Amino acid sequence: MSPTPSTRTRGDSPARRATVAVIDDHPVVALGVTQCLAAADSVDVVGGFPSIAAMLRARGTEHPADLVLLEQAADSASDRLISRLTAAGVKVVVFTQVASPYALELALAAGAVAVVHKSVAPERLAEVVAVAARGGRPGLVRVGADGARHPLSVLSPRERETLALYASGEKSERVAQRLGISRETVNDYISRIRAKYRMAGRVADTKVDLYKRAVEDGILPPPAVLPS
């Protein structure tokens, strides 16, 4: 079941209203969010879709919407998707359950104008979308937070690749072979990564520490839970 788009038309206001598409693979959630945004100022909700591909099929590939509210887990694939949308001139607001401040910061670094935690009140979500549609950049929005960015410097893509391999158990020599770089470069990346975590007040002095940080930040998946 697809959520019903807003019945508003651009004739309701002399100014052009920004179009918003809601992306969530849970139809009930998409429907609820669509209805929540229907009352937002300056926007027209064009519909809820289970995926970006479904939105493009329904709306076309040229400019499917002015803004996409994207229900997304923060990972490298999500970051690439955000980057592609923003490169096409589409504003992105991420709506997520992810708790890691660093992982949320990555979505902002990829180009999202806001990252809204799902614990916020519906009226706050509508307010953020309206601000973003008007060209604002609300940043990180959580319950009890004012949208301030997390202080951790974002790891570069190469640093993330290096951390993913090294923290998963590979030795520096093997990481160097897989990435096509020297062992010295790998060690330099690891030193930079440790320094960035240290500046953020997050211990990363050992390889175990680096593994924990990588899992916390969505760079590595959490360990599998064995059935009891």
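Note that this is a predicted model, so its numbers are computed, not measured.
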Check: [X] side chain, [Y] main-chain N or O, donor-acceptor pair, under 3.5 Å:
X	Y	result
Arg158	Leu179	yes
His26	Val28	no
Thr185	Ile181	no
Arg198	Ala204	no
Asp209	Asp205	yes
Glu127	Arg124	no

[atom1]/[X] to [atom2]/[Y] distance, rounded to the nearest 0.5 angstrom?
X	Y	atom1	atom2	value
Leu125	Glu123	CG	CD	9.5 Å
Lys207	Glu170	NZ	CD	8.0 Å
Leu220	Tyr166	CG	OH	13.5 Å

Practice item. Consider only side-chain N and O atoms of Thr19 and Asp44, and report whether a donor and an acceptor are under 3.5 Å apart. Key: no
Is there side-chain contact between [X] and [Y], with heavy atoms separated by less than 4.5 Å?
X	Y	value
Ile219	Leu155	yes
Thr206	Leu210	no
Leu70	Phe95	no

**Study point:** Atom NZ of Lys118: over 12 foreign heavy atoms under 6.0 Å
**Key:** yes
